[in-house]
**Student:** 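Structure incoming, see below.
Residue numbers begin at 1 in each chain, while the letters A, B, ... track the order of the sequences.
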Number of protein chains: 2
Amino acid sequence: MKYDLSKKPTRGAQRTLESFSKTMFNLLAKKSFENISVNEICEISNFPRATFYNYFDDKYDLLNYCWHLLSSQIYLNEQPNETSEKSLATLFDRTYYLLSSHNELLSAILKNNPLDSSLISNFSAYLKRVIQEVFHEYLHFDNNEVPIELVVDHFSNTVMLILEAIFLKRQPITLEEAHKYLNFLLGHLVEGSQ
Amino acid sequence: MKYDLSKKPTRGAQRTLESFSKTMFNLLAKKSFENISVNEICEISNFPRATFYNYFDDKYDLLNYCWHLLSSQIYLNEQPNETSEKSLATLFDRTYYLLSSHNELLSAILKNNPLDSSLISNFSAYLKRVIQEVFHEYLHFDNNEVPIELVVDHFSNTVMLILEAIFLKRQPITLEEAHKYLNFLLGHLVEGSQ
DNA sequence: AACATATTTGGACACTTGTAAAACTTATAA
DNA sequence: TTATAAGTTTTACAAGTGTCCAAATATGTT
């Protein structure tokens, strides 16, 4: 990303960032990512191409920023000091509701971008990274059997596995069932499991 | 892929396929995938661009073919009729030795392509699909708690997690330790586990 | 309102991409 | 040998990509 998100953006920069990302979301709901060109994004957003490249390296970079916008809500309302079991279920639920709240958008995107497309992989990978980060911060898991990194990744993988089944593969799994699956696959590793 | 791999290729086609894939492997050991162009591949291989497009859709398609070449060995010497536990360890070992046998190539590729690049994700994803296929065929796992697809994917994820740690993140993990981790993370789901 | 500083803009550039159609080369079978 | 089919090469095209620059414009102080 060319633009520095850490400094607070000017009003103009806000307009530009919002315009490009909105256009990307709109286009993704209409056609496949590979058929979206920077030219098209700029024409629709009514900005010259040079401006696009002032902010983003390429269309993948803009996509990343879009996922960032989508998923940044997940960081809100964090409550540390939970047991591993609770934080596992809590993070799962938080991500579940995040995805639920963008369900229509996801549904439209899936109409134009097949499950095995690079777009969907990219989205999954982004979300997994977010979950990994949060786990890494809030999952306190003591053992000397296996490196903690591996356990964190294992947990993230499993959470994503179930969320992908629900929100990407569109399998009719209730939240209750999801919890059951999660416990079946990871329960043995979690404090306070039955 | 434009070229039909199911029919047996003519001598000329063999030469062409091998030439393009060899060039790709050589280039990957020299520079990053994103900086490799179809033009470059064709110049080095000494084929006109149109010939490239007779065989492949784009450079990603050739890359896929390269992974296919690398990983097709994994299908050899299949021995069904094993317990889940055995087939889990067996498939792990088979993939472990496959990756070991291409260790120098992988090492060179990693020098030019960062762990979080799309190239490496692409390779991981390809390998994961291969493992999923094999598991799906040979892992007999009976339970009515969780859909079998989810369990197969969970197993594949975990196998890949450890293999990535060893061969991509280059962590010094012995085969024995790898088995211990595998058992720690998945042992409870496998017949005959202690 | 005026200023120095930063950003945006439009145009140009060299390059890559994927497709299409016609011309050419082979190898093999009739 | 000739016919034929398959693959290969050539050439051209329309479009996209990412970078660069100098002029125009916006921004946040004073």
Side-chain angles (χ1 to χ4, degrees), chain A residues 1-24 26-28 30-66 112-114 117-119 122, chain B residues 1-24 27-28 30-66 112-113 117-119 122:
Chain A
M1 186 129 181
K2 301 251 181 66
Y3 190 80
D4 180 7
L5 284 181
S6 63
K7 70 176 181 187
K8 86 155 187 285
T10 65
R11 184 167 275 121
Q14 277 179 328
R15 251 187 292 119
T16 311
L17 284 167
E18 178 168 332
S19 186
F20 281 135
S21 54
K22 265 198 172 156
T23 299
M24 177 60 99
N26 285 335
L27 281 174
L28 284 177
K30 280 208 198 91
K31 58 195 293 197
S32 80
F33 179 68
E34 51 173 358
N35 289 324
I36 297 173
S37 71
V38 175
N39 280 329
E40 193 177 4
I41 295 166
C42 292
E43 269 161 33
I44 295 177
S45 306
N46 234 313
F47 281 98
R49 258 155 50 75
T51 301
F52 180 92
Y53 287 109
N54 284 342
Y55 285 82
F56 304 104
D57 298 314
D58 47 37
K59 67 174 181 170
Y60 294 90
D61 197 33
L62 166 57
L63 186 64
N64 231 44
Y65 175 69
C66 288
N112 307 295
N113 296 276
S117 64
S118 72
L119 178 90
N122 181 293
Chain B
M1 184 128 181
K2 301 248 181 67
Y3 190 79
D4 179 8
L5 283 181
S6 61
K7 69 176 181 187
K8 85 155 187 284
T10 65
R11 185 166 275 124
Q14 277 180 326
R15 252 187 291 119
T16 313
L17 284 168
E18 178 167 329
S19 187
F20 281 136
S21 54
K22 267 199 170 156
T23 300
M24 176 59 99
L27 281 174
L28 284 177
K30 281 208 198 89
K31 58 195 295 195
S32 79
F33 180 68
E34 52 172 358
N35 288 325
I36 297 173
S37 71
V38 175
N39 280 328
E40 194 177 3
I41 294 166
C42 292
E43 269 162 33
I44 296 177
S45 306
N46 233 312
F47 281 98
R49 256 156 47 76
T51 301
F52 180 93
Y53 287 109
N54 284 342
Y55 286 83
F56 304 103
D57 299 314
D58 48 37
K59 67 174 180 169
Y60 293 89
D61 196 33
L62 166 58
L63 186 65
N64 231 45
Y65 175 70
C66 287
N112 308 295
N113 297 276
S117 64
S118 72
L119 178 89
N122 181 292

**Student:** Quick check: are there more than 12 heavy atoms from other residues, nucleotides or ligands sitting under 6.0 Å from CD of A/Glu18?
**Tutor:** no

**Student:** Quick one: is C/dT7 close enough that its OP1 or OP2 comes under 4.0 Å of any side-chain N or O from A/Asn54?
**Tutor:** no

**Student:** Counting distance only, does the side-chain N/O of A/Lys59 pair as donor-acceptor with the main-chain N or O of A/Met24 below 3.5 Å?
**Tutor:** no

**Student:** Yes or no on side chain to side chain contact (heavy atoms under 4.5 Å, CB included) for B/Val38 and B/Asp58, after CA distance, side-chain angles and deciding distance?
**Tutor:** CA-CA 7 Å; B/Val38 175; B/Asp58 48 37; 5.7 Å; no

**Student:** Tell me which residues in residues 1-22 of chain A put a heavy atom below 4.0 Å from DNA chain C, sorted by number, or none.
**Tutor:** A/Lys7

**Student:** Once you measure the plane-to-plane angle for A/Phe20 and A/Phe52, does it fall in the parallel (<30°), tilted (30-60°) or perpendicular (>60°) bin?
**Tutor:** perpendicular

**Student:** What salt bridge (charged side-chain N to carboxylate O under 4.0 Å, His left out) pairs are there with at least one residue in residues 36-54 of chain B, not counting sequence neighbours?
**Tutor:** B/Lys31-B/Glu40

**Student:** More than 12 non-hydrogen atoms from neighbouring residues, nucleotides or ligands closer than 6.0 Å to NZ on A/Lys2, yes or no?
**Tutor:** yes

**Student:** Does A/Asp58 reach a base, just sugar-phosphate, or nothing at all? Heavy atoms under 4.0 Å.
**Tutor:** sugar-phosphate

**Student:** Give the nucleotide from the list D/dT17, C/dT17, D/dT9 with an atom nearest to the side chain of B/Ser37.
**Tutor:** C/dT17

**Student:** Evaluate the ring planes of B/Phe56 and B/Tyr65, with Trp represented by its six-membered ring, and classify them as parallel (under 30°), tilted (30 to 60°) or perpendicular (over 60°).
**Tutor:** tilted

**Student:** Please give, in whole Å, the distance from C/dG18 P to A/Glu34 CD?
**Tutor:** 10 Å

**Student:** Of all the nucleotides listed (D/dT9, C/dT9, C/dT16), which has the minimum atom distance to the side chain of B/Pro48?
**Tutor:** D/dT9

**Student:** Round to a whole Å and report the spacing from CD1 of A/Ile36 to C1' of D/dA15.
**Tutor:** 17 Å

**Student:** If I take atom CZ in residue A/Phe47 and atom C1' in nucleotide C/dT8, what distance separates them, rounded to the nearest angstrom?
**Tutor:** 9 Å

**Student:** I need the CG-P distance between A/Asn39 and C/dT17, as an integer number of Å.
**Tutor:** 16 Å

**Student:** As a test of reading the structure: which of C/dG11, D/dT17, C/dT8 is closest to the side chain of A/Ala50, going by heavy atoms?
**Tutor:** C/dG11

**Student:** Using whole Å, what does the distance between atom P of nucleotide C/dG11 and atom OH of A/Tyr53 come to?
**Tutor:** 17 Å

**Student:** Need one value for A/Tyr55: base, sugar-phosphate or nothing, where a base atom within 4.0 Å counts as base even if backbone is also close, heavy atoms only.
**Tutor:** sugar-phosphate

**Student:** With the side chain of A/Arg49 defined as its heavy atoms from C-beta on, choose the nearest nucleotide among D/dT17, C/dT17, D/dT8.
**Tutor:** D/dT17

**Student:** Rounded to the nearest angstrom, tell me the gap between atom CG in B/Asp61 and atom C1' in C/dG18.
**Tutor:** 13 Å

**Student:** Mapping B/Asn46 and A/Phe52 onto DNA chain D by nearest heavy atom, which one lands closer to the 5' end?
**Tutor:** B/Asn46

